[in-house]
Amino acid sequence: MFLFASGRPIACRSYPLLKRSYTNLSVQQLQALLGKNESNPRITHQLHSHFITAGLLLLHQKQNSGKLLLFNPLLRCYSLGETPLRAYLLYDQLQQLHFFSDHEKRLPPFDSFTYLFLIKTTSNPRFLYPMLGIGIHGLTLKLGFEFNVYVQTALVGMYLVVGNRVDAYKVFDEMPERSSTALVGMYLVVGNRVDAYKVFDEMPERSSVTWNVIITGLTNLGEFEKAIFLLEKMPNRTVVSWTTLIDGYARVNKPKEAILMFWRMVACDAINPNEITILAILPAVWSFGDLSMCGSVHGYVVKTGFVPCDIRVTNSLIDAYAKCGCIQSSLKFFMEVPNVRKNLVTWTTMISSFAMHGMGKEAVNIFKDMERLGLKPNRVTMISVLNACSHGGLAEEEFLEFFNKMVSKYKITPDVKHYGCLVDMLRRKGRLEEAEKIALEIPSDQKAVVWRMLLGACSVYDDPEMAERVTKKLMELERGHGGDYVLMSNIFCGTGRFTDAQRFRKLMDVRGVAKLPGHSQVT
DNA sequence: ATAGGGTTAG
């Protein structure tokens, strides 16, 4: 993936072709580009590719003690993104490259930034080897970065992610230069409100980030009264302070309080919401069902220019209109967005909006428009389409056409949710034989789940013959699931075949299976 | 360039 030969980096075939030219940009411009697109893995990847081919990856300022100008920002992007492993590999390759080059015996040109981002890599929940963080901790000690407050703050966070709380305390305890903000944050994450509050209270000076850290921590712990108490005491409230509480209330399903916070922010502090505030308030707006407020948020968002900038705001608004019951506004807004700005989520949102309104045909048309533009649906898109078909009164042939297309054309392996849609559709149609035929063709690892769904469908339609066949199939696959026996015997009871029912109950006792407390597989 | 809030289904 990251190939280097004879000390010189070379490009690798797996990199995507550059769609735009980065060749004339200065180092500062490239840095800014990385910072702006930190959440866009494609651009990160393209820039990485460019750095390698143009020999910029190891570019460093000679007069400034050899700091890496583009390597660290690149590391940061990968560490925060979807593939933190790339960050680790990037670091590892450079380290080995340095090790094998014989002209220098000194340590690699890594600085505190490198290790800070490396620690963040290991605390990223997507990173599969969090224990590597402990080794990196050792490195920072060896290299003398233990006096860097940022590095240590990241270390504390890392240990909390790894679950090693004792070490988190220990690292903090040995910090020579304590950042009170970090201490407050750490206590909050650990759940130690009293100590966090005490430290916070004794701080000689607090930055706005300090305030926001404690407000966020209290909100996440559900301590809304204390969070608001601090919010009111805070000297210079920022958008973040308010947004934290708005989001917190929306998440615990208290839309009224969230909306109240929103108005207080605007009225008391004359602070304008930003994109993230909008994303936080919209779920509150639709769960409160306030269509008129949906419209005023829309107006505000258009006026401030968030709409042409942030596609997520657009998507969230389309969704909010649909969930407030106004599919017309949803569609109108969707149509106003130029196709070049729409991303996969935009299309998926519109399809699921039609699905929740039972408008199957319209959903399918949107899906076909999307296909015509050459976009490839993902798992979520397909769930929405399939849902739209079964809820929107479409023929089962059409449903099955989409299902097959998903597998053959788009190479998406159906999971439990897709099969859930399938069984749901067939149940609505009462076509259980069809379902049985399909179930026979399903790949092995998912089989049991699907057969079990079918068994559930049989019990609704009182089809004991088929239920028996399905149960037999289930017995072949796995013998130990007690719920199947119970369901089967219930079906026989329901149709008056009590001896058959008893037969299954007995079989259950003989095989020594117990019925576990029930939980639904279909959600 | 470094700590704080983040779109779609179920």
Side-chain angles (χ1 to χ4, degrees), chain A residues 27-28 30-36 38-39 67-77 79-80 111-117 119-120 148-157 179-186 188-189 207-217 219-220 238-248 250-251 273-283 310-320 322-323 342-353 355-356 377-388 415-418 420-421 424 520-523:
Chain A
V27 174
Q28 284 76 18
L30 288 168
Q31 281 176 343
L33 215 54
L34 270 174
K36 264 184 199 158
E38 61 181 26
S39 55
K67 274 181 187 160
L68 292 160
L69 293 174
L70 293 169
F71 178 86
N72 283 340
L74 184 65
L75 199 66
R76 175 177 177 271
C77 280
S79 74
L80 301 171
D111 54 14
S112 63
F113 287 90
T114 311
Y115 289 97
L116 172 60
F117 300 140
I119 295 160
K120 282 186 173 296
N148 185 303
V149 180
Y150 289 104
V151 169
Q152 287 186 316
T153 307
L155 273 174
V156 173
S179 154
S180 302
T181 305
L183 183 57
V184 172
M186 187 193 73
L188 285 172
V189 172
S207 76
S208 75
V209 176
T210 316
W211 285 92
N212 289 339
V213 163
I214 197 164
I215 290 172
T216 308
T219 307
N220 288 338
T238 66
V239 203
V240 179
S241 332
W242 289 102
T243 304
T244 305
L245 270 163
I246 293 169
D247 187 55
R251 273 178 202 278
N274 65 9
E275 298 92 320
I276 294 159
T277 320
I278 303 295
L279 291 173
I281 193 73
L282 278 173
D310 198 325
I311 188 64
R312 294 170 305 174
V313 171
T314 308
N315 298 340
S316 205
L317 255 171
I318 294 169
D319 182 54
K323 281 174 176 157
K342 287 175 185 148
N343 66 9
L344 191 56
V345 178
T346 319
W347 292 97
T348 307
T349 306
M350 196 64 238
I351 292 165
S352 74
S353 297
M356 74 179 79
N378 65 9
R379 295 177 45 251
V380 183
T381 317
M382 290 318 298
I383 293 170
S384 304
V385 176
L386 295 177
N387 238 326
D415 62 27
V416 185
K417 278 154 198 162
H418 298 101
C421 293
D424 179 57
S520 174
Q521 301 267 15
V522 191
T523 47

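Letters A, B, ... mirror the listed sequences (proteins, then strands); counts begin at 1. Keep in mind that this is a model prediction, so the values were computed, not measured. Any value given below was found using the heavy atoms of this structure, including those in side chains, with hydrogens, waters and symmetry copies removed.
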Just the rounded figure in Å: distance from [atom2] of [N] to [atom1] of [X].
X: Met382(A); N: dG10(B); atom1: CE; atom2: P; answer: 14 Å
X: Ile318(A); N: dA9(B); atom1: CD1; atom2: C1'; answer: 16 Å
X: Leu279(A); N: dG4(B); atom1: CG; atom2: C1'; answer: 16 Å
X: Leu344(A); N: dT7(B); atom1: CG; atom2: P; answer: 16 Å
X: Asn72(A); N: dT2(B); atom1: CG; atom2: P; answer: 12 Å
X: Tyr115(A); N: dA1(B); atom1: OH; atom2: P; answer: 22 Å
X: Asn315(A); N: dT7(B); atom1: CG; atom2: P; answer: 11 Å
X: Glu275(A); N: dG5(B); atom1: CD; atom2: C1'; answer: 12 Å

Nearest to the [X] side chain among [options], which nucleotide is it?
X: Pro73(A); options: dT7(B), dA1(B), dA9(B); value: dA1(B)
X: Ile383(A); options: dA1(B), dG5(B), dA9(B); value: dA9(B)
X: Val239(A); options: dA9(B), dG10(B), dG5(B); value: dG5(B)
X: Ser316(A); options: dG5(B), dT2(B), dT7(B); value: dT7(B)
X: Val240(A); options: dT8(B), dG5(B), dG10(B); value: dG5(B)
X: Gln31(A); options: dT7(B), dG5(B), dA1(B); value: dA1(B)
X: Arg76(A); options: dA9(B), dT7(B), dT2(B); value: dT2(B)
X: Asn343(A); options: dG5(B), dA1(B), dT7(B); value: dT7(B)

Worksheet item: Does Ser316(A) reach the main-chain N or O of Val313(A) with its side chain, forming a donor-acceptor pair under 3.5 Å?
Response: no
I'd like to know if the side chain of Asp111(A) reaches the main chain of Thr114(A), judged simply by a donor and an acceptor atom lying under 3.5 Å from each other, with no hydrogens or angles considered.
yes
(Q) Check this for me: does the side-chain of Thr238(A) come within 3.5 Å of the base of dG4(B) through a donor and an acceptor? (A) yes
Residue set satisfying side chain to side chain contact (heavy atoms under 4.5 Å, CB included) with Asn315(A), at least two apart, ordered chain then number -> Ile311(A), Asn343(A), Val345(A), Thr346(A), Thr349(A)
Of all heavy-atom pairs linking Ser384(A) and Ala355(A), the shortest is O-CB, 3.9 Å
message = Taking 4.0 Å as the cut-off, does a side-chain nitrogen or oxygen of Asn387(A) come that near to OP1 or OP2 on dG10(B)?
response = yes
- Query: So, is Lys323(A) near the phosphate of dA9(B), with a side-chain N or O under 4.0 Å from OP1 or OP2?
  - Reply: yes
Those residues at least two apart in sequence (or on a different chain) that pass salt bridge (charged side-chain N to carboxylate O under 4.0 Å, His left out) with Lys323(A) are Asp319(A)
